[in-house]
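One structure below.
The shown structure was predicted, so the numbers you read here are calculated from the model rather than taken from an experiment.
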Amino acid sequence: MTQDRYDVVVVGAGATGSATAWALARRGHRVLLLDRAQEPPAQGRDVVRPGHADVARCRLALLSHQWWNVLEHEAGERLVEPTGCVEHGPVEALRPLVETLLVTSVPFEYLTGPEAEQRWPGMRFDDRAVVQPAAGVADVAATLAALRRQAVSHGADLALGADVRRVEVRDDAARVHVDDGDHVDASVVVLCAGAATAGLLDGVVEVPAAHVVRETRVRADRVEALPSGSRPWPAFVHRADPVAHRSARGDLGPDAGYPALRVRGEPTDQGVVLVHRTEPAPLGAAGAEDAAEAVATELVEYVAQCLPGVGVDGAGPWVTERAAGPMVLDRVGRVVLALGTGLHGVALAPGAGQVLADLAEDGLGVPRQVGADDDELDRSRFSLAALGAGV
């Protein structure tokens with residue numbers, strides 16, 4: 001390793017880990033960022049929006065929004081393309097989101113489906129639509145590169161290809177053991193290793209079991225010219241809910257062909273990438289390929305129903321996995337934990353990195369600045385205690 005002792009070692013150089021290293025390094029701490037991959041996998045785009053249905057995650061997204069701006073300024077490049085985001089569905093499906101947006105003062109518009117269709121020709125919308133104009137789509141690879149680059153520019157050391165085997169907590173330090181028999185000591189260790197985290201902490205901290213969600217993607221390219229002067233398509237989240245839809249229709253009955261899937265849309269220059277997320281499954285569960293083909297078939301049907309101006313690219317589908325489960329941002333002694341952040345991709349990473357840096361500084365004994373919590377983020381919502389997990 002570069003040196004024998006650091007203030008903080010961050011294990012996992014994905015979005016959250018890299019954001020944490022960036023936050024700590026720019027605060028003047030000696031930081032080492034480790035990842036077992038020579039180059040952490042990075043591809044695709046993630047929707048970045050300030051508003052979420054859960055108040056705590058909404059507050060975290062608002063904190064992230066501030067630090068996205070700082071990151072782009074430091075990196076000297078635009079990482080989030082401003083597209084806006086529309087979440088649409090039956091009234092009942094959108095109610096928690098609307099209530100949270102009102103509580104947190106996130107700007108939004110509330111439209112009927114026909115009003116949204118007038119604004120974005122070529123798209124069909126559900127009963128109601130919630131528009132967040134401050135949202136956008138982030139380039140995952142560019143974001144990860146910028147976070148790691150800025151962490152290093154502020155003095156962090158980066159070691160790729162370092163396979164961490166376990167974390168040992170001692171009286172005076174935490175020791176990180178790697179596969180070649182080497183080790184590095186630090187006053188605090190931050191673990192952002194996804195599903196591998198539990199295995200690194202055997203006998204140190206008990207964490208929730210690892211689960212994953214599978215995301216199936218297909219690409220839909222525009223095949224019909226839109227009307228002259230029409231707006232570019234926004235990112236969207238279709239909260240399709242057949243039960244709420246049927247209830248809202250009453251005696252009229254459900255619309256024929258109402259979508260069976262909840263779908264996220266990530267706009268591109270040529271059209272849109274459609275994403276469906278499965279329910280969490282145990283790590284290593286079988287049947288991914290067959291399930292992906294079935295979901296892809298339903299996504300093609302979705303395009304025909306809701307995006308009649310595009311055609312599906314026959315090269316897909318693409319399947320990726322993300323760590324699922326409750327989000328945890330917490331500290332137990334010399335160990336700081338980040339769990340469940342991968343579910344949001346890079347979207348919440350800048351804010352989560354700041355929270356984890358605060359927790360690491362607590363472990364270092366750095367006094368918290370007066371007014372440091374004026375973002376109103378209730379950090380207890382992300383604690384292990386909130387899950388009832390043993391420590």
Side-chain angles (χ1 to χ4, degrees), residues 1-22 24-25 29-43 140-141 144-145 147-149 151-152 155-212 282-285 320-325 328 330-342 349 352-353 356-357 359-360 363-364 391:
M1 296 300 169
T2 305
Q3 62 187 54
D4 294 331
R5 178 75 180 247
Y6 288 85
D7 295 327
V8 183
V9 171
V10 181
V11 179
T16 302
S18 297
T20 304
W22 171 54
L24 286 164
H29 298 293
R30 294 171 300 161
V31 182
L32 173 63
L33 177 60
L34 300 173
D35 201 283
R36 65 182 176 184
Q38 287 293 339
E39 278 297 330
Q43 59 182 345
V140 174
L144 284 174
L147 285 168
R148 294 193 294 268
R149 188 170 63 249
V152 171
D157 290 330
L158 173 64
L160 300 178
D163 191 0
V164 175
R165 296 298 179 142
R166 64 187 177 95
V167 174
E168 176 187 4
V169 177
R170 301 186 166 197
D171 291 338
D172 61 340
R175 176 163 289 181
V176 179
H177 296 267
V178 295
D179 61 345
D180 61 359
D182 199 358
H183 67 265
V184 60
D185 291 333
S187 297
V188 174
V189 173
V190 181
L191 284 174
C192 305
T197 296
L200 303 178
L201 289 172
D202 187 27
V204 179
V205 181
E206 183 181 343
V207 300
H211 286 71
V212 297
L283 194 65
T320 57
E321 292 187 345
R322 295 191 179 191
V328 173
D330 201 0
R331 180 175 69 89
V332 180
R334 296 185 181 277
V335 176
V336 175
L337 287 168
L339 300 170
T341 58
L356 293 168
L359 292 169
L364 293 171
V391 297

Show the nearest heavy-atom pair for residues Ala13 and Leu144, with the distance to one decimal.
O-CD2, 4.4 Å
Taking all atoms of both residues into account, what is the closest heavy-atom pair of Gly353 and Thr20, and its distance?
CA-OG1, 3.5 Å
Measure across Ala21 and Ala151 and return the closest heavy-atom pair with its distance rounded to 0.1 Å.
C-CB, 4.0 Å
Contact check, side chains of Thr16 and Ser18, non-hydrogen atoms, under 4.5 Å:
no
Val164 side chain reached by Asp179 side chain, heavy atoms, under 4.5 Å
no
Quick check: does any side chain N or O of Arg331 sit under 3.5 Å from a backbone N or O of Gly333, one acting as donor and the other as acceptor?
yes
Nearest heavy-atom pair of Ala193 and Leu200: which atoms, and what distance?
CB-CD1, 4.1 Å
Which distance, rounded to the nearest 0.5 Å, do you find between the CZ of Arg5 and the CG of Leu32?
13.0 Å
Atom CG of Leu33 and atom CG of Leu147: how far apart are they, to the nearest 0.5 Å?
10.0 Å
Between CG of Leu158 and CZ of Arg149, what distance do you get to the nearest 0.5 Å?
12.5 Å
Look up atom CG in Asp182 and atom CG in Asp163, then write down how far apart they are to the nearest 0.5 Å.
13.0 Å
Take atom CZ in Arg334; do more than 12 heavy atoms of anything else shown fall under 6.0 Å from it?
yes
Please report the interatomic distance CG(Leu356) to CG(Leu24), rounded to the nearest 0.5 Å.
8.5 Å
Are Asp7 and Arg30 close enough for a salt bridge, meaning some N to O gap below 4.0 Å?
yes
About how many Å separate CZ of Arg175 and CG of Asp185, when rounded to the nearest 0.5 Å?
4.0 Å
Mind checking whether Val189 and Val336 have side chains closer than 4.5 Å, heavy atoms only?
no
For the side chain to side chain donor-acceptor pair (under 3.5 Å) test, which of Arg165, Glu168, His183 pairs with His177?
Glu168
Does His29 reach the side chain of Leu364, with side-chain heavy atoms less than 4.5 Å apart?
yes
Any side-chain heavy-atom pair from Asp157 and Val31 closer than 4.5 angstrom?
no
